[in-house]
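Comments concern the structure below.
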Amino acid sequence: TLQHLLALPGNGGLAPHLTAQMAAYVAARNNLGAFLAGEPQTAETARLAAVELSADTNLDATLGTLQATITDRLTQSAVQAQSAAHRAQVGLLWSIPIGVIFAAAITAFLAGHALQVEHEVSRREEVQSEIGQRTEFEARLQRALEMSKSEQPVFDLVAEALDDAAPSMRSELLLADSSRAHFRQVLVSSD
């Protein structure tokens, strides 16, 4: 597992002498077969024991240093992850009010546009209604004028039409004689 971990990219320099130290320890341990066989201790076996103890100490020191380095890296990674999570949390918290402000602005814009469209439609409907009323008024007046047989009913219709068309205005109808030089007043609308 350790060799697999050290083979990962960026981890090769963590323990550059570990393989050699492990090989030296395994070789020194294999040379201690005399102790396992129960042979009496000699100067050579004492030297082999010292070599094995030195290889074991070197390997333990390297493994301790490696463990401390990996622990430091894991701690740094955890701190960086925690810092990134905190930044993401702060960013998310900032995005909420910004999103609310943006949504409110879009809603206000769309509501204003909807009101503007509604006013425009209402104004068009009023204009259409006025045109329709005027057209209906003109058609009724035209039919009434066509049915009249003499001047007096026509004057009465015109007086009534003037009162309907402009009730707050005073108006009068002047009739020209055949020479068109003189006018006579034939009706005056009420005030």
Side-chain angles (χ1 to χ4, degrees), residues 1-139 168:
T1 302
L2 182 59
Q3 287 174 343
H4 176 68
L5 177 67
L6 291 174
L8 292 175
N11 291 343
L14 291 178
H17 305 293
L18 181 64
T19 304
Q21 288 175 343
M22 285 179 75
Y25 172 73
V26 169
R29 191 183 68 201
N30 289 339
N31 290 335
L32 292 179
F35 285 113
L36 297 175
E39 294 180 14
Q41 189 172 0
T42 62
E44 180 61 25
T45 58
R47 186 187 67 74
L48 291 174
V51 169
E52 190 276 337
L53 183 60
S54 173
D56 181 52
T57 303
N58 287 342
L59 183 59
D60 282 347
T62 300
L63 289 175
T65 303
L66 182 60
Q67 181 179 6
T69 303
I70 290 173
T71 302
D72 286 345
R73 281 192 173 186
L74 290 175
T75 302
Q76 288 175 358
S77 294
V79 167
Q80 289 172 349
Q82 187 178 16
S83 175
H86 179 71
R87 287 192 307 271
Q89 182 182 19
V90 168
L92 180 62
L93 289 175
W94 273 107
S95 68
I96 290 171
I98 290 171
V100 168
I101 291 169
F102 182 72
I106 293 295
T107 302
F109 172 75
L110 292 177
H113 183 68
L115 285 173
Q116 184 180 10
V117 168
E118 184 179 336
H119 288 303
E120 182 65 24
V121 167
S122 176
R123 188 187 64 75
R124 286 181 184 172
E125 286 175 353
E126 287 175 9
V127 168
Q128 284 297 104
S129 176
E130 289 175 8
I131 290 172
Q133 289 173 355
R134 187 177 323 133
T135 303
E136 181 183 341
F137 174 77
E138 289 171 358
S168 62

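Keep in mind that what you see is a predicted model, and the values were worked out from it rather than measured.
- Minimum heavy-atom separation, Ala28 to Ala55: CB-CB, 4.3 Å.
- Nearest heavy atoms, Leu59 versus Met22: CD1-CG, 3.5 Å.
- Note that the CG atom of Leu53 and the CG atom of Leu48 stand 12.5 Å from one another [nearest 0.5 Å].
- For the atom pair Gln133 CD and Glu136 CD, the distance stands at 7.5 Å (nearest 0.5 Å).
- Judged purely by atom type and a 3.5 angstrom limit, Thr75 uses its side chain to pair as donor or acceptor with the backbone of Thr71.
- By the 6.0 Å contact criterion, CD on Glu120 is enclosed, its count of non-hydrogen atoms from other residues, nucleotides or ligands being greater than 12.
- Residue Ile98 holds its CD1 atom at 11.0 Å from CG of Leu93, rounded to the nearest 0.5 Å.
- Counting heavy atoms from C-beta outward, Ser122 and Glu126 have side chains that approach closer than 4.5 Å.
- To the nearest 0.5 Å, atoms CD (Gln67) and CG (Asp72) are separated by 10.5 Å.
- Here the OG-CZ distance, from Ser129 to Arg134, works out to 11.0 Å after rounding to the nearest 0.5 Å.
- Taken to the nearest 0.5 Å, the OG1 atom of Thr62 stands 13.5 Å off from the OH atom of Tyr25.
- Within 6.0 Å of CD on Glu138 lie more than 12 heavy atoms contributed by other residues, nucleotides or ligands.
- Not one N or O on the side chain of Ser83 forms a donor-acceptor pair closer than 3.5 Å with the backbone of Gln80.
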Scan the side chains in residues 101-116 for donor-acceptor partners under 3.5 Å anywhere in the protein, sequence neighbours excluded, and list what turns up.
unit_1	atom_1	unit_2	atom_2	d
Thr107	OG1	Ala103	O	2.7

